Amino acid sequence: MVRRPLGNHHHGPDTLLVTSDTAQTEPVAAETENLREVIERARFVLFDFDGPICRLFAGHSAEDVAKDLVEWLERQGLRGLLTEEEQVHPDPMVVLYAVHRRHPHSDLVSELEERLTQQELKAVPSAWPTAYADPLIRTWSAVGARLAIATNNSARTATGYLASRDLTNCFAPNIYGRGQDLHHLKPDPHCLNRALNGLGAAPAAALMIGDAPSDYEAARRAGVPFLGYAHTAYKEKLLREAGAEDVVGSLEPVLRVLRGQA
């Protein structure tokens with residue numbers, strides 16, 4: 001179901017109240033129509049990777065990866081580059097960003113980024129597919145849409161995961177991920193623009209599916225329509241606050257629309 005504000009209906013004291021079945025059916029129908037419009041406009045679909053396609057660190061804790069990066073810096077005598085908060089932050093990207101801010105374009109950042117990539121690659125075998133993602137990808141590709149990955153993870157990580165699910169042909173060669181220049185990570189639209197160029201796509205003919213405010217912001221700046229995926233109420237709240245209007249809590253209704261079942 002698309003979670004989109006549909007307006008309030010006020011009834012006066014003499015108004016006959018509709019039954020609960022009718023009250024539920026009308027918003028659901030309107031929300032499904034919203035989703036159908038979003039999907040049918042899209043001839044090119046850009047997926048974020050970690051979230052809409054899989055939970056990369058489902059069996060390989062992101063917190064442990066962040067800790068590994070901090071310990072590596074400590075062995076180099078460089079733990080002091082991080083604030084106390086950054087030293088214990090559970091997101092490895094926060095550690096990488098922090099070092100990049102203080103030493104942009106340095107060999108140190110390159111080594112740290114490669115270390116993170118190696119940890120991501122280790123996580124691939126235990127990553128959990130997002131529910132309905134695999135059939136959604138295959139169906140969208142089969143009906144003629146062209147697909148790309150636009151992620152802040154390493155492209156090598158996304159490529160390895162897609163190969164493990166036999167999904168490579170749905171995307172290759174349009175897999176765009178983190179490089180050495182971290183200024184280009186989302187919310188910068190760089191990887192989305194690369195994907196659009198690779199696909200030969202006009203922004204208005206594309207759709208970005210992401211689960212974070214940075215995905216929404218990158219799509220907005222690239223001029224690409226956005227569909228949020230939020231598997232928790234907190235994720236939905238963050239996307240709404242960022243400005244996302246169309247948000248689904250599951251990929252199932254997207255798949256149903258594509259299959260003509262909604």
Side-chain angles (χ1 to χ4, degrees), residues 1-4 28-29 31-60 120 123-153 155-177 191-192 195-196 198-199 201 205-212 215-216 219 224-233 235-236 239 244 246-262:
M1 180 185 298
V2 178
R3 299 168 177 169
R4 188 174 189 174
V28 168
E31 290 175 352
T32 300
E33 188 57 36
N34 287 342
L35 184 57
R36 186 178 292 113
E37 288 176 15
V38 167
I39 290 169
E40 289 180 352
R41 278 199 311 260
R43 291 170 41 229
F44 307 90
V45 185
L46 317 182
F47 281 85
D48 179 39
F49 171 64
D50 188 6
I53 291 179
C54 71
R55 275 182 56 208
L56 177 59
F57 291 112
H60 187 82
E120 288 180 356
V124 165
S126 58
W128 286 9
T130 297
Y132 303 101
D134 287 19
L136 175 63
I137 289 164
R138 291 194 175 96
T139 302
W140 228 326
S141 181
V143 299
R146 296 189 58 204
L147 312 182
I149 300 284
T151 177
N152 281 354
N153 296 108
R156 288 150 62 192
T157 304
T159 299
Y161 176 82
L162 294 173
S164 75
R165 305 297 298 175
D166 197 26
L167 293 169
T168 306
N169 289 343
C170 296
F171 291 95
N174 297 298
I175 300 170
Y176 303 95
C191 69
L192 277 73
L196 294 172
L199 294 167
L207 176 67
M208 174 76 195
I209 299 180
D211 71 335
D215 297 317
Y216 169 76
V224 174
F226 182 79
L227 177 62
Y229 166 68
H231 72 284
T232 67
K235 283 270 193 184
E236 179 183 2
L239 286 169
D246 297 298
V247 181
V248 291
S250 165
L251 297 178
E252 182 186 19
V254 184
L255 181 60
R256 287 176 61 82
V257 168
L258 276 182
R259 289 177 168 173
Q261 297 170 339

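Keep in mind that what you see is a predicted model, and the values were worked out from it rather than measured.
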Can you measure from [atom1] ([X]) to [atom2] ([Y]) and round to the nearest 0.5 angstrom?
X	Y	atom1	atom2	value
Ile137	Leu255	CD1	CG	11.0 Å
Glu40	Leu35	CD	CG	9.5 Å
Leu207	Arg41	CG	CZ	8.0 Å
Arg256	Thr139	CZ	OG1	13.0 Å
Phe171	Leu199	CZ	CG	10.5 Å

Point to revise | Option from Asp48, Leu46, Val45 for which side chain to side chain contact (heavy atoms under 4.5 Å, CB included) with Ile209 holds | key: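 In the set Asp48, Leu46, Val45, the residue that makes a side chain to side chain contact (heavy atoms under 4.5 Å, CB included) with Ile209 is Val45.
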Exercise for review: Using the side chain to side chain contact (heavy atoms under 4.5 Å, CB included) rule, pick out the option among Val254, Asn34, Asp246 that qualifies with Ile39.
Suggested key: Val254
Check your understanding: Does Thr130 use its side chain to pair, donor to acceptor, with the backbone of Gly51 at less than 3.5 Å?
Key -> yes
Check your understanding: Is there a donor-acceptor pair closer than 3.5 Å between any side-chain N or O of Arg165 and the backbone N or O of Asp134?
Key -> no
Under 4.5 Å between any side-chain heavy atoms of [X] and [Y], yes or no?
X	Y	answer
Trp140	Leu258	yes
Thr151	Thr157	no
Glu120	Phe57	yes
Tyr161	Leu56	no
Asp211	Asp50	no

Check your understanding: Does atom CZ of Arg138 have more than 12 heavy-atom neighbours, drawn from other residues, nucleotides or ligands, at distances under 6.0 Å?
Key -> yes
